[in-house]
Every structure is written in C-alpha cells, then in structure tokens.
A.B. asks: 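Below is the structure I would like to discuss, written out as structure tokens.
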Amino acid sequence: MAPAVPALRRPIVSLHRTPPPLQNLRRHSFSPIPHEEPCDPPNSSATLLSRAAALLNFAAQPSHLSQIHAILLSSGLLRCFPSLSAKLFSSSADLDLIQEARHLLDEIPRPSVPLWNAAIRLHSRHGAFADALHIYDKMLHQGVVPDGLSLPPVLKACGGLPAPTVGRAVHAHILRRGFETDLFVQNGLVAMYAKCGQIPCARAIFDRLSDRNVVSWTSIISGCAQNGFPLEALQIFARMRSSSDVRPDFIALVSVLKAYMDIEDLDQGSSVHGLVIKLGLDDEPDLVITLTAIYAKCGQVRTARSLFDRVPSPAVILWNAMISGYAKNGHASEAVELFREMIARHIKPDSVTIRSAILACAQLGSLEVGKWIEDYAGHSQFKDDIFVKTSLIDMYAKCGSIAHAHRVFECIPNKDVVVWSALIMGYGLHGRGREAIRLFEEMKCARVRPNDVTFVGLLSACKHAGLVDEGWKYFHSMRHYGIEPRHQHYACVVDLLARAGRLEKAYEFVRSMPMEPEVTVWGALLNACKIYGHVGLGRYAAERIFALEPSNAGHYVQLSNIYASVGMWSDVAKVRVLMKEKGVTKAIGCSLTEIDGKLHSFRAGDKSHPRYKEIFEKLAELEMKLKKSGFVPHMGSVLHDLSMEEKEESLCNHGERIAIAFGLISTAPGTTLRIMKNLRACVNCHSATKLISKLVGREIVIRDINRFHHFKDGLCSCGDYW
DNA sequence: CACTCCATAT
C-alpha cells in the first residue's frame, strides 16, 4: 500500500531551488549508501539516491519531507531501496508526522528494534495510546524481542488508559522478560499505576526500589498529585527532602506546587517558591507557569502578574494561567484586556485561552463584549469545540441573554450532558424554571444521562422560580440515576421548603442530612428566615455559618436584616459590633451598566460621572414619580434606626438607581436597561425598580450576585423571592 | 522515563 502523499502545490523542481539543503549537500558531498545497488535503476538514480538520503538529513519541515517522499515514490527509488523507508520513517518520526510514520512502518519489511521503539514512543508521546500498544503488540507478534527502551513508552501508553488491566499484563510480561531491575522500567511502572489510580500499587513498587533517581521520586509525587492525592504527594516530597540527597528538579517542583494549588495552600506554595529560587530554577519556564497559576488561583493576582511580566515572550500556557487567574478572581476586565493584548501581539490563543476569555466575559456581564468574544471564537479554529460552545452558553446566560445562549445551544450537533446542564442552569438564573424543567425532560428523551451538576441546575431553577413540588420530586428522583445528593442539592431543597413557609420542615430536613451541613445549606435557611422574620432559627443558622465562614460580611448583613425586620434594633447593633470585632467589612456596593459598548460604574452617591447633573435631574424626576404613585420606601424605619452598615445598604440602592437613571437618559425610549451589581438585590431597591419599570415603560434586567431579575410592567421575574 | 494551563456548581 502506498503512503498518502499530500498534494503538492508547487512543482517538484522547486525543491531543487530550496536553498539550504541543496547547498549543504554540495558542500559536504555525501557518499552514496555503498552496499545497496539499484535493482532497476531509473536515470541517474545513483545521484538521486545519494541526494535523497542526504536530503532527509536536512528535511526540517513537513513540507520538505513530503516533497522528498513524493520524489522517492514517483522515481521508484523507494521500492528499490528499503533502507530509504527506514530513513524516511525516522525523519517523519522526528517531525512528529504520525500518519506518515505509521504508513512507512508498514512498508518496512523487518523493522529493527530501535525503529519499533521510535514508533511506539512517537504514538505514546502524542497520546495515541491505543496505537502505541497496537504497534507493541505487532512487534511481539513478529517475534521481535523488546529491549529496555521499548517498555517505558509502552507503560506510558498503559497509564493513559482508564483501567489498569493492560498495564498489569505488561507488568507480568516485564517480570517474565527480566526487566524488573531496569530503573527506567521501574519508574515507568510507578507512573503507570499512579495514573490508573492504583496509588497503593505505585507506592509498593516505589518503596521496593533499591535505587531511586530523581525520576523515581518525581513519578510517584506527580502520580499522586495528578490523580487526586495531593496530601500523599506532599508527604512523599517531604520524605524525599529528608531521606535522600536527590535534588528535586523543575518537574518535581511543578508537581509539588500543583499539589499545593489543589489544597489551596498558598503559604506552603510560596515557601516552595523560595526553594525554587534557592535551587536557581526561577527562570525555568514551566515553574514560572505553575507559580503564576498558583498565585493567581489563590487570588494573589498582582504577584502572579509580576511573575508574568518578567517573561519577555510568554508561552500560550502562561498567558492562559494569567488570564484564567484574573477571570476567576474578580478581575474580569483585566482578563479581557490581557486577552486583547495577546491578540494585538499576534500570539495565537489555544482553546483554553478562548475558554478563559469567555469565562472572563461571563464574569464581566457585558453582552457587547460577550458578542465580540463569540465572534472571535467563531472565526478561530476552535469554532466547533464543544467546550468553547459550552462556555458560550454559560457566558450568554450570565450576560443576561438567554436567547443568545439558546441559539448557541441549538447549533451544537451532539449535545453532551454539560451542554444541557449549562442551559438548564442558565434558564434557572433567569427565573424561568418551567423552561428549565422542559429542557431537562427533553434531555432525558435525547437519552443523555443527567449528572449531579445537571441536578444542581434543575433544582436551583426550581428554587429561583419557586417550583416547590417539582423541586421536591426531582430531588427524590436523583437516586434513580444513582446520584448521591451533595450540599448544593440539599441547599436547594432547604430553600424550597422554607420558601413555602415550612421553616420547621426545612430545619428537620437539614437535621436529616447524612453529612455535616455546610455554609450553603445554613445560608439557604438563613435567607428564608429573613423573608419570614423567623428570628430564633435565623440566629441559630447564622451561628453555624459564623463558625464555618467567619469573615463573609454577607451573612452578618443577613442576620442584621432579620433583626431589623422585626424591630430588634439592639441586636442589629450587636451584629455590627461583632463585625467590627472580627474585622469583617462589607463589600462596597457597585452597579455597572453598559452603554454603547462602554461600562459605567456607579457607587454610593456617585457624582464622579461626567453627566452627573443630568443623571441627578433624572433621579429626582424618578423619585417624584415614585412618590406620586404612592411608593413608600420599604425599610424606612430601618434606615432611621441604623447607622453605618444600613446606610451603606441604602446608598447601594442609590448606586443601582443612578445606573437606571443614567440608562434612561442614554438610550432610546423602550430600550431594555441592563445593570450588574456586586451584591444581592435589596428589598427597597427591588420594589422601587419594579415600579420604575412600569412608570417609564422599560424592561430592566438586573444581574445581582446570585441571579437575574427581569423587571417589566411593575413585576419582577423572581416573584419577589431571592 | 517524570510535568504545568482547562467548560458546567450557592
């Protein structure tokens, strides 16, 4: 069978014009391969053969190689000189041309062991594990005896399979062949078992090693770190430091940092940073990437950025670490900005970059920037990437346009469970629970199996829409799918029960949980207690929360609101004192709105905007209209009795309303206003906005920290429960 | 021979 030869755009003669190989060839005058005589030589074949053999040494680009391949085929040389096939094979392997190498291997009558090894290594290195194993199998079937270099890539391929079955067979094979003393093979075994999740096996082999080099230690450490055992990884690293004089190299430290990243221990992580510097490895690109990632992931974006900035031309992965670090830690605009800088510098993003940039847009909440990124992704080579599409669905939902999210969804040919879950979650965010349920049912009809995240989406959709009975039913259907409910699921049910006013039942439900309730669960109870003014239970839930998460200001505010709703002012004051004692400060309320592709941010009584005079005129007009139609501030008495904290709350209302006023004067009548805020919607503001939507005949879409509120004709999509 | 960045979750 002839190997596939790519179509040539230019005539073959152009090869002879390609300067470097030919010039080199003339200068060095390579001798022809002596012992092989052409069987039926075409014209001047000896010259061609010598040139071809030499050219292969210089084939530095796939296009060179395929042209040489074409010459050899069309001239008949390949058929006459089998040695050229082997040479062609090695060149293809060196250039990572897997397909080409694979075809050539089949053409070679009796490949040597190094040739087999090269073929296995090539496939293994590129993740073509099944192919690598297939080639190994074929080698054995031809009676070829593998050497010590054959097995490490075979083991690597076994490690890429989900089950250790094949790996065990190869292990047995190794013992039979007597390779068990080869350190490289041993290291390969350790890594293989660790990757298949067989950590005890990996450790057993590692422990029995009489001689351990840096790769042995690295294999077991990274095996643990990469497979969900960060603590074991760190424990072994400690043993490496104390009981051996093997110096960790950059790869070992990358894995150690990854383990600290997983347990989010930045303190220890930065002490490893110290070690990195001490060992003089701080310019090692992979370590810079991992260090940047750990700082960014733990919220130290400035430190991460300073590492990033020290690198003159960062690799794509480093850009990714920085961009996703920004996106995940509330620095969405920096993430988008950095992504733009990357494009401006003509650095080609990969699919991870694009996904991180889309995530940043989702956090940013700007529909305009969101459309821009979709356009960008649509023109990239990742336009059909299901991961990219999934994040677009999430992004559009979080940017307030469920219609856009649905459009992306519709265009995905083979929707997997994550795609469905993302849209279900999106409908839930917008309070459209019925549609979320319909989607869920459609998904089941499409024979896609829901997972635990699907149920988080579905139950939170029921929660946001107040579909109590449906939520209860779906919660209990989880077990039919063999899904064990987790905290988020319990939290949704607690919320649903409490919403229906069944606080006692909700508490009973919390007590019946098979695990220790976490903040989300108590938080749901606390929220409901605020709605129903249930002081006793609210206080209890708050105490549990404070024990678990003492520095989150939102919880203190909730408790304070419960006291306020029933007029317990002295307790409100006590909460304030408690906050001061613990050094907890409330996040400053901030509302954003986007006009003509530009984001405008408004804070407490903000007068910094260039058009603030017009804005405040509009605001006064709105206040008057509200008063005229009988609007009474809901928490008037609260404001009267409280100082700092509630004042802030009231100012936050202003911030939101300033954004509305600004939107009204900046857009054509009837345009939907879109506003994002960093806190949850507050009662006073919420009822005012409902009325405003009616008074000015506008649809107002507000994204708070938890969900969307669609205000229209005096009503809100949340049904006044959030 | 060993390694880093990654979509869906209150």
Side-chain angles (χ1 to χ4, degrees), chain A residues 121 124-125 148-149 151-153 155-156 159 182-192 194-195 213-223 225-226 249-258 261 284-294 296-297 315-325 327-328 350-356 358-359 362 385-395 397 416-426 428 451-457 459-460 463-464 486-492 494-495 518-521 523-524 527 554 680 705-707:
Chain A
R121 203 162 47 235
S124 210
R125 190 159 34 123
L149 290 172
L151 289 156
L155 288 169
K156 184 184 166 74
D182 184 315
L183 186 57
F184 278 27
V185 172
Q186 292 293 351
N187 291 346
L189 279 171
V190 170
M192 183 273 289
K195 275 204 188 124
N213 64 7
V214 67
V215 178
S216 320
W217 287 102
T218 310
S219 293
I220 188 71
I221 290 170
S222 69
Q226 298 300 315
D249 66 1
F250 77 96
I251 296 175
L253 293 172
V254 161
S255 290
V256 170
L257 282 167
K258 150 102 180 139
M261 189 145 67
E284 194 59 57
D286 290 0
L287 274 173
V288 176
I289 292 166
T290 314
L291 282 166
T292 307
I294 190 175
K297 209 167 242 178
V316 176
I317 294 179
L318 182 53
W319 287 93
N320 294 352
M322 199 60 236
I323 291 171
S324 76
K328 286 184 174 168
D350 65 7
S351 71
V352 175
T353 325
I354 293 180
R355 270 138 59 187
S356 303
I358 295 171
L359 176 68
D385 185 316
I386 196 161
F387 285 77
V388 166
K389 296 224 177 198
T390 308
S391 43
L392 284 173
I393 293 174
D394 173 63
M395 181 274 289
D416 66 7
V417 63
V418 187
V419 169
W420 286 96
S421 305
L423 193 62
I424 290 172
M425 189 82 66
N451 65 16
D452 56 338
V453 180
T454 318
F455 276 100
V456 172
L459 293 174
S460 74
K463 184 186 86 174
H464 287 317
R486 290 184 295 115
H487 276 101
Q488 283 94 333
H489 305 109
Y490 282 101
C492 288
V494 170
D495 208 296
E518 279 179 10
V519 176
T520 47
V521 174
N527 187 37
R680 70 160 73 204
I705 201 163
N706 289 320
R707 59 167 295 159

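The sequence lines fix the lettering, A, B, ..., with proteins before strands; numbering per chain opens at 1.
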A.B. asks: Quick one: A:I358 CD1 to B:dT8 C1', roughly how many Å, whole number?
C.D. replies: 13 Å

A.B. asks: Would you mind classifying the nucleic acid contact of A:D394 as base, sugar-phosphate or nothing, using non-hydrogen atoms under 4.0 angstrom?
C.D. replies: sugar-phosphate

A.B. asks: To the nearest Å, how far apart are A:I220 CD1 and B:dC3 P?
C.D. replies: 12 Å

A.B. asks: Please determine, for the side chain of A:V215, which listed nucleotide (B:dC1, B:dC6, B:dA9) has the closest atom?
C.D. replies: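 Of B:dC1, B:dC6, B:dA9, B:dC1 is nearest to the side chain of A:V215.
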
A.B. asks: Nearest to the side chain of A:F250, which nucleotide is it out of B:dC5, B:dA7, B:dC3?
C.D. replies: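 Nearest to the side chain of A:F250 among the choices is B:dC3.
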
A.B. asks: Give a yes/no answer on whether the side chain of A:K195 brings an N or O atom under 4.0 Å of OP1 or OP2 in B:dC3.
C.D. replies: yes

A.B. asks: To the nearest angstrom, how far is A:I393 atom CD1 from B:dA9 atom P?
C.D. replies: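 It works out to 11 Å between those atoms.
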
A.B. asks: Which residues satisfy the side-chain contact (heavy atoms from CB on, under 4.5 Å) test with A:L253, sequence neighbours excluded?
C.D. replies: A:F237, A:P248, A:V272, A:L275, A:V276, A:L279, A:L281, A:L287

A.B. asks: Could you give the CD-to-P distance, from A:E284 to B:dA2, as a whole number of Å?
C.D. replies: 16 Å

A.B. asks: Is A:L359 touching bases, backbone alone, or none of the nucleic acid, heavy atoms closer than 4.0 Å?
C.D. replies: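 Touches sugar-phosphate only.
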
A.B. asks: When rounded to the nearest 0.5 angstrom, what is the spacing between CG in A:N706 and NZ in A:K463?
C.D. replies: 6.5 Å

A.B. asks: Roughly how many Å is it from CZ in A:F455 to P in B:dA9, rounded to a whole number?
C.D. replies: 17 Å

A.B. asks: Under 4.0 Å, counting only non-hydrogen atoms across every strand here, what does A:D385 touch: a base, just sugar-phosphate, or nothing?
C.D. replies: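 Touches nothing.
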
A.B. asks: Is it true that the side chains of A:D350 and A:T353 contain a donor and an acceptor less than 3.5 Å apart?
C.D. replies: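 Result is yes, a qualifying pair exists.
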
A.B. asks: With a 4.0 Å cut-off on heavy atoms, is A:V254 in touch with a base, just the backbone sugar-phosphate, or nothing at all?
C.D. replies: sugar-phosphate

A.B. asks: Does B:dC6 have OP1 or OP2 sitting under 4.0 Å from an N or O in the side chain of A:K297?
C.D. replies: yes

A.B. asks: Looking at every strand, decide which applies to A:K156 at a 4.0 Å heavy-atom threshold: base, sugar-phosphate, or nothing.
C.D. replies: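 If one applies the 4.0 Å heavy-atom cut-off, A:K156 turns out to touch the sugar-phosphate alone, with no base involved.
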
A.B. asks: Would you indicate what A:T520 reaches in the nucleic acid, counting non-hydrogen atoms under 4.0 angstrom: base, sugar-phosphate, or nothing?
C.D. replies: base

A.B. asks: B:dA2, B:dC5, B:dA7: which one has an atom nearest the side-chain heavy atoms of A:K258?
C.D. replies: B:dC5

A.B. asks: Could you tell me how far apart A:L151 (CG) and B:dA2 (P) are, to the nearest whole angstrom?
C.D. replies: 13 Å

A.B. asks: Can you see which heavy atom on A:L359 is nearest to which on A:K328, and at what distance?
C.D. replies: CD2-CG, 3.9 Å

A.B. asks: Expressed in angstrom and rounded to an integer, what is the separation of A:F387 atom CZ from B:dC5 atom C1'?
C.D. replies: 14 Å

A.B. asks: Tell me what A:M261 touches on the nucleic acid: a base, only sugar-phosphate, or nothing, going by heavy atoms under 4.0 Å.
C.D. replies: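 Sugar-phosphate only.
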
A.B. asks: If you take all heavy atoms of A:T290 and A:K258, which pair is closest and at what distance?
C.D. replies: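 So the two residues come closest at CG2-N, 4.4 Å.
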
A.B. asks: For A:T218 versus A:I251, what's the shortest heavy-atom pair and its separation?
C.D. replies: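 The pair with the smallest heavy-atom distance is CG2-CG2, 3.6 Å.
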
A.B. asks: Name the closest nucleotide to the A:I317 side chain, picking from B:dT10, B:dC5, B:dA2.
C.D. replies: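 Per side-chain heavy atoms of A:I317, the pick is B:dC5.
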
A.B. asks: Round to the nearest Å and state the distance from A:L318 atom CG to B:dC5 atom P.
C.D. replies: 12 Å

A.B. asks: Can you tell which of B:dA9, B:dC1, B:dA2 lies closest to the side chain of A:F184?
C.D. replies: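 So the side chain of A:F184 is nearest to B:dC1.
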
A.B. asks: Going by side chain to side chain donor-acceptor pair (under 3.5 Å), name the residues that satisfy it together with A:D416, two or more places apart in sequence or in a different chain.
C.D. replies: none

A.B. asks: Would you mind telling me which of B:dA2, B:dT8, B:dT10 lies closest to the side-chain atoms of A:N706?
C.D. replies: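 Looking only at side-chain atoms, A:N706 lies closest to B:dT10.
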
A.B. asks: Please determine, for the side chain of A:S219, which listed nucleotide (B:dC1, B:dA9, B:dA2) has the closest atom?
C.D. replies: B:dA2

A.B. asks: Which nucleotide, B:dC6, B:dC5, B:dA2, lies nearest any side-chain atom of A:D350?
C.D. replies: B:dC5

A.B. asks: Identify which nucleotide among B:dC3, B:dC5, B:dT8 has an atom closest to any side-chain atom of A:I251, counting heavy atoms from C-beta outward.
C.D. replies: B:dC3

A.B. asks: Checking contacts here: which listed nucleotide (B:dC3, B:dT10, B:dA7) is nearest the side-chain heavy atoms of A:D286?
C.D. replies: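 For A:D286, the side-chain atoms sit closest to B:dC3.
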
A.B. asks: On the nucleotide B:dA7, are OP1 or OP2 found under 4.0 Å from the side-chain N or O atoms that A:K328 carries?
C.D. replies: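 A:K328 to B:dA7 OP1/OP2: side-chain N or O found under 4.0 Å.
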
A.B. asks: When we call it a touch if two heavy atoms are under 4.0 Å apart, what does A:R707 touch: a base, just sugar-phosphate, or nothing?
C.D. replies: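 Nothing, no nucleic acid heavy atom in range.
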
